[in-house]
Amino acid sequence: MISLDDVRFDFPQTTFSLRIGSLEIAPDEHVAITGPSGCGKTTLLQILSGILKPVSGAVRIGDAELTSMSDAERRRFRITSVGQVFQDFELLESLRLVENILLPFMINGALILDGPVRARARSLAESVGLGEFLNRPVTKLSQGERQRVAICRAVITKPSLILADEPTGNLDSLTKLTIMKLLHDQARATGASLVVVTHDHELLSGFDRSLDFVEIASQGKTRKQTGPEDAS
Amino acid sequence: MKHAFFLAWRNLNAGKLRSAILVGCLSVAVSLPIVMRVVVARFRNELTQRAQSTPLIVGATGSRFDLTLHALYFEANAPSEITMREVATIRESGRAFPIPIFAKFRVERFRIVGTTAEYFDFRSLKVAQGEGLQRIGDCVIGSGVAARLEIEPGGHLTSEPENAFDITGSYPLRMRVNGILEKTDSPDDSAIFVSLETAWIIAGRGHGHRNSSDDTHAPAAGEEEGSLVPVDPFTEVTDENVHSFHFHGKREDLPLTAIIVVAPDERSATLLIGQYLTRNDVTILEPPQIIEQLMQLVFRVERFLNGAAVVLLGTTATLVMLVFALSLRLRQNEIRTLFKLGCSRFMIARILLAELILIALVSAVLTAAVTATAVQIGPEFLERTLTGS
């Protein structure tokens with residue numbers, strides 16, 4: 001179970017703050033979050049991933065209480081329990097395809113990069129149709145292929161929560177559907193909760209639930225405007 | 001740290017040009033002062049050894065450095081000539097033994113050194129292949145000449161005219177290679193030794209006569225009966241014509257470019273030096289002193305270059321840091337991604353540190369290679385630069 005309870009986040013060096021009264025997401029649940037640009041959807045994802053720490057309230061993911069964790073503990077939690085997919089893929093262009101999938105294992109000592117992990121990376125790449133390009137530089141991949149690599153990177157650690165921030169924003173219509181199906185499939189395969197921020201209402205049909213972010217955030221009665229930089 | 005190095009390597013590999021420039025700049029900046037120091041030390045050692053084994057030289061008054069380098073290395077601009085009369089003067093003084101040198105001509109870049117058999121004894125030169133000089137027109141060559149020109153005893157070398165446009169000047173002489181000297185790691189390895197008489201023939205001071213019938217040939221179409229044409233583009237001493245070669249004028253008037261003077265003791269040397277103090281046209285020099293003066297000049301240049309190298313190193317290090325800082329700015333998105341995925345700042349610092357270490361390591365290897373190569377070719381390059389050959 002993922003739950004946020006009376007969370008308040010103050011944007012640094014501004015007078016803006018974001019308040020979320022209550023939000024619960026069940027294990028295995030696939031939730032889409034919609035809302036206008038700048039309302040704080042990305043901030044919510046960053047709070048869920050532990051990148052941002054609220055000034056008050058509680059954020060629980062399973063047994064973990066993120067708000068009581070140190071920075072190092074949240075980093076450790078993030079890399080072991082949360083898979084993230086970004087709008088711009090955010091692959092490391094200096095690495096090859098399979099190396100990008102394995103990246104989480106290279107940057108945090110909490111994860112051990114061994115033979116089974118490498119085999120799983122290959123298997124994941126094959127499952128998304130990229131088995132032939134394991135050693136290809138990601139700069140030589142199409143946009144759709146890159147996002148598939150990003151999804152593989154997000155699920156390689158078998159996270160309990162997958163967060164995707166407008167993962168289809170830069171893709172054409174056909175590829176959007178393919179990528180979204182892939183996300184659902186991979187999340188179901190690992191039994192993870194899936195939270196996707198999207199503007200695209202055509203993609204909502206595959207989700208268990210769709211939430212309007214304005215409604216979630218407005219539950220906090222003292223909510224001010226969200227910050228201009230991190231919010232989207 | 002293994003993964004940090006891997007990621008660092010991948011990043012450096014992705015920016016090959018940038019990495020190569022960084023490594024190249026660092027290597028040059030570090031190797032330059034090292035190479036200078038080693039090369040100058042070796043060069044000094046070689047020069048000093050050669051100079052110390054050549055206590056006195058006599059030559060025409062002029063540049064002391066040119067005369068010394070010429071007598072020791074057969075290089076530099078050939079100084080003004082003196083005559084064989086000086087050899088007689090030294091010999092008659094009874095204070096020293098003269099070894100005349102006449103070195104004005106070349107085969108490619110190798111100097112033809114006319115001298116006497118005493119020079120070979122003086123330098124302890126031994127024939128490794130073939131024989132020594134037998135008659136005029138013969139030459140024995142240093143091991144470096146043999147290797148470079150790929151020539152064996154029995155082969156031939158042709159001297160080059162002093163000036164290709166001077167039709168009245170020296171006429172090329174085709175010399176018979178009689179022997180190859182043992183390698184000595186000295187300038188003698190790059191010399192072509194001939195007798196003084198052979199050198200004078202190249203200089204046009206002696207000549208032979210040919211049978212006129214040798215110079216005629218059957219007239220070609222359009223040619224008049226009995227017309228003469230030059231048969232060979234060079235002079236050659238053969239067993240048939242060797243006795244026809246002769247020199248006009250007195251032997252004492254024939255030219256030399258230097259005389260190595262071997263005095264039996266310090267007193268004799270001092271007296272001989274005193275004898276030449278009153279001469280304006282001819283001078284006597286002590287090569288160890290001249291070389292020491294030359295080395296002071298080299299050291300001044302070395303000190304300047306070392307100072308410049310330190311500035312270069314500082315500038316390069318600053319540039320490397322600047323390039324690194326700029327590349328960090330360019331990689332902000334990548335670093336932010338790593339952080340968002342769960343990478344600690346410490347790990348990011350380790351990746352960046354690994355990049356610096358890799359650049360430093362590759363630079364060190366390249367520096368070692370550049371230094372080793374430069375140390376091999378540096379002394380010869382410096383010697384050729386100083387002697388103008």
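Everything numeric here is computed off the predicted structure, so don't read it as measured data. Below, chains carry the letters A, B, ... as their sequence lines are ordered, and counting in each starts from 1.
- Only the side chain of A:L103 has a heavy atom closer than 4.5 Å to any heavy atom of chain B.
- In this structure, B:A374 and B:V35 approach most closely via the heavy-atom pair CB-CG1, 3.4 Å.
- Residues A:P167 and A:V196 are in side-chain contact: their nearest non-hydrogen atoms beyond the backbone lie under 4.5 Å apart.
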Please tabulate, one pair per line, the N or O donor-acceptor pairs under 3.5 Å between chain A and chain B.
residue, atom, partner, partner atom, Å
A:R78, NE, B:K340, O, 2.8
A:R78, NH2, B:F339, O, 2.9
A:Q84, NE2, B:K340, O, 2.6
A:E90, OE1, B:T337, OG1, 2.6
A:E90, OE1, B:K340, NZ, 3.3
A:E90, OE2, B:K340, NZ, 3.0
A:E99, OE1, B:R10, NE, 2.8
A:E99, OE2, B:R10, NE, 3.1
A:E99, OE2, B:R10, NH2, 2.7
A:N108, ND2, B:G342, O, 2.9

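- The side chain to side chain donor-acceptor pair (under 3.5 Å) test applied to A:D28 returns no partner, not counting sequence neighbours.
- Considering only heavy-atom pairs separated by less than 4.5 Å from chain A, the leading option among B:L341, B:I348, B:I351 is B:L341.
- For a residue to count as touching a neighbouring chain, one of its non-hydrogen atoms must lie under 4.5 Å from one of that chain's; by this rule B:F346 does not touch chain A.
- Counting heavy atoms from C-beta outward, A:V149 and A:E145 have side chains that stay 4.5 Å or more apart.
- Within the 4.5 Å cutoff, the side chain of B:L294 has heavy atoms near those of the B:L69 side chain.
- Although no hydrogens or angles enter the test, the distance criterion places no donor-acceptor pair under 3.5 Å between the side chain of A:K41 and the main chain of A:F213.
- For A:F86, the part sitting under 4.5 Å from any heavy atom of chain B is the side chain, from C-beta outward, and nothing else.
- The shortest distance between side-chain heavy atoms of B:L7 and A:L95 falls below 4.5 Å.
- Atom CD1 of residue A:I162 and atom CD1 of residue A:I151 lie 9.0 Å apart, to the nearest 0.5 angstrom.
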